[in-house]
There are 2 protein chains.
Amino acid sequence: MENDLNDKQIQILKIAETLFAEKGFDGTSIRDISKEAKINVAMVSYYFGSKEKLLEALVLFKTSGLKEQLVNLIEENLEPIEKINKLIELYINRLNCNRGIYRILHFELASKKKVLELESFTDIKKSNLKSLELIIQEGQAKGVFRKDVIIPLLTPTILGTYFHFQMNKPFFEEILDLKTEEAYNNYIKTDLTKHIQQTIKALLIYEN
Amino acid sequence: MENDLNDKQIQILKIAETLFAEKGFDGTSIRDISKEAKINVAMVSYYFGSKEKLLEALVLFKTSGLKEQLVNLIEENLEPIEKINKLIELYINRLNCNRGIYRILHFELASKKKVLELESFTDIKKSNLKSLELIIQEGQAKGVFRKDVIIPLLTPTILGTYFHFQMNKPFFEEILDLKTEEAYNNYIKTDLTKHIQQTIKALLIYEN
DNA sequence: GTTTAAATTAAACAGTTGTTTAATTTTGCG
DNA sequence: CGCAAAATTAAACAACTGTTTAATTTAAAC
């Protein structure tokens with residue numbers, strides 16, 4: 001896969017990400033993108049070939065580097081629970097920075113039959129799960145984590161909580177009285193992240 | 001809001017639900033629906049007014065009765081933790097039966113600015129939150145639940161976990177070795193539900 | 001400066017979109 | 001029956017869809 005994108009291509013990808021996040025993949029037209037990017041409609045086809053291939057390029061562009069971050073985390077000299085907390089923080093931060101593309105990836109794409117570079121994305125998910133497993137097994141070996149946790153179900157709880165919060169943004173803005181974009185993002189970085197960390201910690205440690 | 005739908009209207013709603021679930025709201029055309037339902041294109045506009053109002057009618061059609069179920073649950077003579085468990089079971093079961101429309105509601109729709117003539121749906125969410133609050137406050141009064149829980153964040157954890165699991169179906173089918181549709185749904189009804197119940201219980205009870 | 005390739009453009013293409021119209025058929029009621 | 005309301009239809013509507021074409025401009029190399 002080519003990764004040598006020029007400035008204009010990257011500009012297009014960034015605007016595509018924003019619009020996909022706002023209005024969905026189907027809800028965003030190439031003309032929307034080209035208008036926002038102040039380029040000609042034909043440029044998208046010229047650079048990426050098609051709308052779908054544009055999405056494919058966007059996925060590859062945005063998912064690079066995560067695996068390395070996780071491996072580094074595992075090798076750090078920290079208590080297991082601290083690693084878990086850091087992993088959650090890392091996840092939430094990354095999701096929140098790339099919320100557009102991750103939403104498409106996790107939800108909109110999951111339902112389409114089309115299989116683009118889906119394998120590469122599945123690989124990322126498996127690799128992430130492996131990293132999580134390593135940390136938890138370490139904690140179990142040290143006797144601080146329960147041994148009957150279903151590890152693959154932790155990811156849905158971590159990511160799902162974030163996504164559900166993000167997808168119901170207008171609702172939570174209202175009931176939590178988060179009036180500005182800044183206040184909302186700040187709430188995610190502090191309270192929501194803490195909530196998820198607390199939830200996972202309780203689940204891993206609490207004995208019936 | 002009128003609730004007197006005739007057979008033909010209900011037939012249209014059911015097919016719309018299937019197609020929306022399969023291909024998304026934007027990805028489904030009125031012609032797709034009318035073709036599948038073997039009716040004329042104009043009938044959708046004739047009965048519902050517009051595509052958006054069709055969705056609105058679908059929401060109302062599918063979400064009726066939930067509020068009553070929750071109120072009944074609250075009034076039951078059960079321990080708070082048992083009520084929470086039942087509430088989670090009720091949620092997951094309902095979501096799983098109506099997964100098509102709930103997916104649209106929670107994810108696809110939430111991101112659109114234009115929509116949200118769906119006050120009725122916001123009302124449902126608020127009402128659900130109120131029910132959850134009542135149960136938890138009861139548990140707090142009895143001294144069995146922690147008092148520093150952020151109640152509005154429980155819903156994202158409960159529903160988000162389910163949705164993330166459901167949206168990444170192909171992935172979890174593979175890594176959990178759930179080969180049939182039945183095995184998958186069974187896993188949701190037993191293991192996943194239990195996981196969520198355990199998670200929320202731990203969060204509500206576990207003291208640092 | 002000339003040549004050649006890349007970048008950019010406006011226009012056209014062939015479909016599809018949601019919705020409306022006006023005509024026709026079906027239905028229910030006296 | 002007759003007749004009005006409801007249901008159903010084909011057709012048209014204008015706007016939008018992703019993509020392609022062919023012409024033009026820009027950039028780089030010689």
Side-chain angles (χ1 to χ4, degrees), chain A residues 2-59 100-101 104 108-109 111-117, chain B residues 2-59 101 104 108-109 111-118:
Chain A
E2 323 172 33
N3 255 18
D4 46 339
L5 303 164
N6 63 40
D7 292 351
K8 194 137 278 181
Q9 284 174 301
I10 291 175
Q11 181 207 2
I12 294 172
L13 287 180
K14 283 184 177 172
I15 284 169
E17 184 187 14
T18 311
L19 293 181
F20 286 164
E22 258 177 47
K23 320 199 287 174
F25 182 71
D26 287 326
T28 304
S29 73
I30 292 187
R31 279 173 182 81
D32 291 339
I33 297 169
S34 67
K35 200 175 168 187
E36 192 81 15
K38 284 160 190 161
I39 53 160
N40 190 278
V41 236
M43 290 308 289
V44 173
S45 297
Y46 176 72
Y47 273 132
F48 298 99
S50 71
K51 193 185 176 187
E52 294 229 349
K53 282 182 186 167
L54 168 68
L55 175 60
E56 208 170 319
L58 182 54
V59 170
I101 187 61
I104 306 278
E108 222 165 305
L109 226 80
S111 66
K112 315 230 170 192
K113 292 169 189 171
K114 314 166 195 173
V115 196
L116 40 122
E117 287 298 297
Chain B
E2 320 172 33
N3 255 18
D4 46 340
L5 302 165
N6 63 40
D7 292 351
K8 193 136 280 184
Q9 284 174 299
I10 290 176
Q11 180 208 1
I12 293 173
L13 287 181
K14 282 183 177 173
I15 283 170
E17 183 188 14
T18 311
L19 293 181
F20 286 164
E22 256 177 48
K23 319 198 289 173
F25 182 71
D26 288 325
T28 305
S29 72
I30 293 186
R31 280 172 181 82
D32 290 339
I33 297 169
S34 67
K35 200 175 168 187
E36 192 81 14
K38 281 161 191 160
I39 54 160
N40 190 278
V41 237
M43 292 307 291
V44 172
S45 297
Y46 175 73
Y47 273 133
F48 299 99
S50 70
K51 192 185 175 187
E52 295 226 349
K53 282 183 185 165
L54 166 69
L55 176 61
E56 208 170 323
L58 181 54
V59 170
I101 186 60
I104 305 282
E108 226 170 302
L109 227 82
S111 64
K112 319 231 168 188
K113 291 171 187 171
K114 49 169 182 171
V115 190
L116 273 6
E117 282 300 313
L118 291 174

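Model, not experiment: these values are computed from the prediction. Protein chains get the first letters and strands the later ones, always in sequence-line order, with residue 1 at the start of each.
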Rounded to the nearest angstrom, tell me the gap between atom [atom1] in [X] and atom [atom2] in [N].
X       : N      : atom1 : atom2 : answer
B/Lys35 : D/dT9  : NZ    : P     : 16 Å
A/Leu54 : D/dG18 : CG    : C1'   : 12 Å
A/Asp32 : D/dG18 : CG    : C1'   : 12 Å
A/Met43 : D/dT19 : CE    : C1'   : 15 Å
B/Phe25 : C/dT17 : CZ    : C1'   : 12 Å
A/Ile39 : C/dA7  : CD1   : C1'   : 12 Å
B/Ile30 : C/dT17 : CD1   : C1'   : 9 Å
A/Glu52 : D/dG18 : CD    : P     : 11 Å

Mind listing the closest non-hydrogen atom pair of [X] and [Y] along with its distance?
X       : Y       : answer
A/Ile39 : A/Val44 : CD1-CG2, 4.4 Å
B/Thr28 : B/Lys51 : O-NZ, 2.7 Å
B/Asp26 : A/Asp26 : CB-CB, 3.6 Å
A/Val41 : A/Ile30 : O-CG2, 3.8 Å

If you only use heavy atoms from C-beta on, which nucleotide in [options] is closest to the side chain of [X]?
X       : options                : answer
A/Lys8  : D/dT9, C/dT8, D/dT19   : C/dT8
B/Ala42 : C/dA7, D/dT20, C/dT21  : C/dT21
A/Ser45 : D/dA10, D/dA12, D/dT19 : D/dT19

Does C/dT8 have OP1 or OP2 under 4.0 Å away from a side-chain N or O of A/Tyr46? no

Taking only side-chain nitrogens and oxygens of A/Lys51, does any of them come within less than 4.0 Å of OP1 or OP2 of D/dT17? no

Side-chain touch A/Tyr46/A/Asn40, heavy atoms, less than 4.5 angstrom: no

Looking across every strand, which nucleic acid part, if any, lies under 4.0 Å from A/Tyr47 by heavy atom: base, sugar-phosphate, or nothing? sugar-phosphate

Using a 4.0 Å heavy-atom cut-off across all strands, classify B/Ser34 as base, sugar-phosphate, or nothing. nothing

Both A/Ser29 and A/Asn40 contact DNA chain D. Which one's nearest nucleotide lies toward the 5' end? A/Ser29

